[in-house]
Amino acid sequence: MTMQQVADRVGVSKFAVSQALSGKPGVAEETRMRIVQAANELGYFRKAKPGKKSAFPPDARGAPGSDKNTVIILMPNVRFQSRESQFWGKIIDGVSAALAEREVGVMMVTENYSERAIKSINPDGVLGLIGIGYIATQLLLEIRHAGIPFVLVDHEDPLIPSDTVFMNNYDCMRQMASVVVQAGHRDLRFVGNPRYSRSFQDRWIGFKTALEEAGLPVPVPENEPLMQLEEDAYQVVYKVITELATRKKLPSAFVCANDFFAYLVMKALADSGVELPGDVSVTGFDHTDEETDTRLPSLCTIHVPNAFMGRRAVEALFTRLRDPERPYEKTLINGNLVLRDSLANRG
């Protein structure tokens, strides 16, 4: 498969295809998406470039005499993600431990700009890459264009197929919301922006499904400020909770997309004089246990085996190295429900 064939399929120049597939500017976003989609459909990314030696040794430690003995951990959104350091840190610990057992080196890249990030990675010196959290499409295009095999943890890009490792967000949140309903709650609200990440979207769908199955009204995201949270989440949560408490319009339970939002909601409720969980119950997701406010009850949440997710990503990467032509796989890791005091039984 050549760039010219991709160009012929889309009806653009070969130069436009080259710019789009290498993540470079100069191509309209709509055109770039059409080019990437056509390249995927035609199998452009599946085969090694003609004349290029096999870059990836079948052995986990690298072929004899090979200097490829490093795996990149790419986490370009590290500054934002650091607020949940226990969540992301445990994934990194799992990746690092699994690579150490294989006697493979690790290099951490946290650069946010694709051009600088790709320049810090030497494709001829690395076995592969594990991306953690959100990574921009343009950067993923450049990584693929450089011929570096990669596995993504807690992120996927619809334009760039790859091996991925996710928490089983849908089923776990569906279970959590069902437990809240079974505890006698009939007015439930979701906290978290489904557009923030694929994980949040799946958690919202699991919540929505549980309510539909119980015959309960489902909140409309467009009408819910707590489902449109961005970087101003702290201010929005406090403003909305305070207003609801003042007007006595609080739901009986807030089901939150993660523990960070759950603790924000509980602190805002406590500051408004709301009894927890007697008046309002709150649940989280991730089991980070970072909050130390003694006014708050222990949080009912979902335990995420973060370190295992990191280890599973390493296994997926080395499976890919041994068999580059195998179909891409999406791995879902199940978590456990941790029942605690923040959920009251209203049965």
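We use all heavy atoms of the structure for the numbers below, so side chains are in, but hydrogens, waters and symmetry mates are not.
A single hydrophobic cluster is not seen to contain both F308 and V338; linkage of ILVMFWY side chains at heavy-atom distances under 4.5 Å, directly or through other members, places them apart. In terms of hydrophobic clustering, with Ile, Leu, Val, Met, Phe, Trp and Tyr side chains grouped at heavy-atom distances under 4.5 Å, F15 and L141 are assigned to different clusters. With hydrophobic clusters built from ILVMFWY side chains whose heavy atoms lie under 4.5 angstrom apart, Y234 shares a cluster with L299.
Once rounded to the nearest 0.5 Å, the distance linking CG of D163 with NZ of K330 reads 12.5 Å. Summarising the geometry, atom CG belonging to L250 is positioned 6.0 Å from atom CD1 belonging to I241; distances are rounded to the nearest 0.5 Å. Atom CE of residue M107 and atom OG1 of residue T70 lie 7.5 Å apart, to the nearest 0.5 angstrom. For the atom pair CD1 (I135) and CG (L129), the distance works out to 6.5 Å, reported to the nearest 0.5 Å. Distance check, rounded to the nearest 0.5 Å: CZ of F261 to OG1 of T283 gives 13.5 Å. Once rounded to the nearest 0.5 Å, the distance linking CG of L140 with CG of L74 reads 8.0 Å.
Taking a cutoff of 4.0 Å between a charged side-chain nitrogen and a carboxylate oxygen, E329 and R320 do not qualify as a salt bridge. With respect to the salt-bridge test (charged N to carboxylate O, under 4.0 angstrom), the residues D271 and K267 do not qualify. Ion pairing between E212 and K208 holds under the 4.0 Å rule for side-chain N and carboxylate O. Between E101 and R311 there is a salt bridge, since at least one side-chain N of the basic residue sits less than 4.0 Å from a carboxylate O of the acidic one.
No donor-acceptor pair closer than 3.5 Å links the side chain of R34 to the backbone N or O of E30. Remark: the backbone N or O of D154 is not paired with any side-chain donor or acceptor of R198 at under 3.5 angstrom. Without hydrogens or angle criteria, S342 side chain to C300 main chain gives a donor-acceptor distance under 3.5 Å. Counting only distance, with no hydrogens or angles, the side chain of T288 and the backbone of D259 share no donor-acceptor pair below 3.5 Å. With hydrogens and angles ignored, the 3.5 Å screen pairs no side-chain donor or acceptor of N69 with any backbone N or O of V126. Under the 3.5 Å distance criterion, the side-chain polar atoms of D93 are left unmatched by any main-chain donor or acceptor of A307. With hydrogens and angles disregarded, no donor-acceptor distance shorter than 3.5 Å links the side chain of D279 to the backbone of V274.
Neither side chain, D286 nor N258, offers a donor N or O lying under 3.5 Å from an acceptor on the other. Of the N and O atoms on the side chains of Q5 and T2, at least one donor lies less than 3.5 Å from an acceptor on the other residue. Looking at D8 and Q4, their side chains do bring a donor and an acceptor atom within 3.5 Å of each other. Residues H185 and S252 have side chains that bring a donor and an acceptor to within less than 3.5 angstrom of each other.
When all heavy atoms are compared, the tightest approach of L152 to E156 is CD1-CA, 4.2 Å. When all heavy atoms of A38 and R9 are compared, the closest pair comes out as CB-CG, 3.8 Å. Nearest heavy-atom pair across V180 and A253 is CG1-CB, 3.8 Å. In terms of heavy-atom proximity, V106 sits nearest to S96 at CG2-CA, 4.5 Å. When every heavy atom of L296 is checked against every heavy atom of A270, the shortest pair comes out as CD2-CB, 4.1 Å. Nearest heavy atom pair, residue R346 against residue G278, reads NH2-O, 3.5 Å.
K14 NZ: 12 or fewer foreign heavy atoms inside a 6.0 Å radius. Heavy atoms from other residues, nucleotides or ligands lying under 6.0 Å from CD of Q235 number more than 12.
Within the 4.5 Å cutoff, side-chain heavy atoms of M167 are placed close to those of P305. By the 4.5 Å heavy-atom criterion applied to side chains, F318 and V104 are counted as neighbours. By the 4.5 Å heavy-atom criterion applied to side chains, L321 and P149 are counted as neighbours. At least one side-chain heavy atom of V6 sits under 4.5 Å from a side-chain heavy atom of I35. At least one side-chain heavy atom of R326 sits under 4.5 Å from a side-chain heavy atom of T319. Here the side chains of M309 and T331 are not in contact, with every heavy-atom distance at 4.5 Å or above. Using a 4.5 Å cut-off on side-chain heavy atoms (C-beta onward), I143 and I160 make no contact. Here the side chains of H155 and I132 are not in contact, with every heavy-atom distance at 4.5 Å or above.
Cluster note: F166 groups with L332 through ILVMFWY side-chain heavy atoms spaced under 4.5 Å, whether in direct contact or through intervening members.
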Please report the C-alpha distance between D293 and Y263 in whole Å, then the side-chain angles of each, then the deciding distance to 0.1 Å, and finally whether the side chain to side chain contact (heavy atoms under 4.5 Å, CB included) criterion is met. CA-CA 9 Å; D293 191 329; Y263 285 122; over 6 Å; no
Could you walk me through whether K249 and E243 pass the salt bridge (Lys or Arg N to Asp or Glu O under 4.0 Å) check? CA-CA 8 Å; K249 294 292 185 180; E243 290 178 354; over 6 Å; no
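Looking at residues two or more places apart in sequence or on another chain, you find a ring pair (Phe, Tyr, Trp, His ring centres under 6.0 Å) between F190 and W204, F207.
Looking at R174, Q201, R203 one by one, the single match for side chain to side chain donor-acceptor pair (under 3.5 Å) with N169 turns out to be R203.
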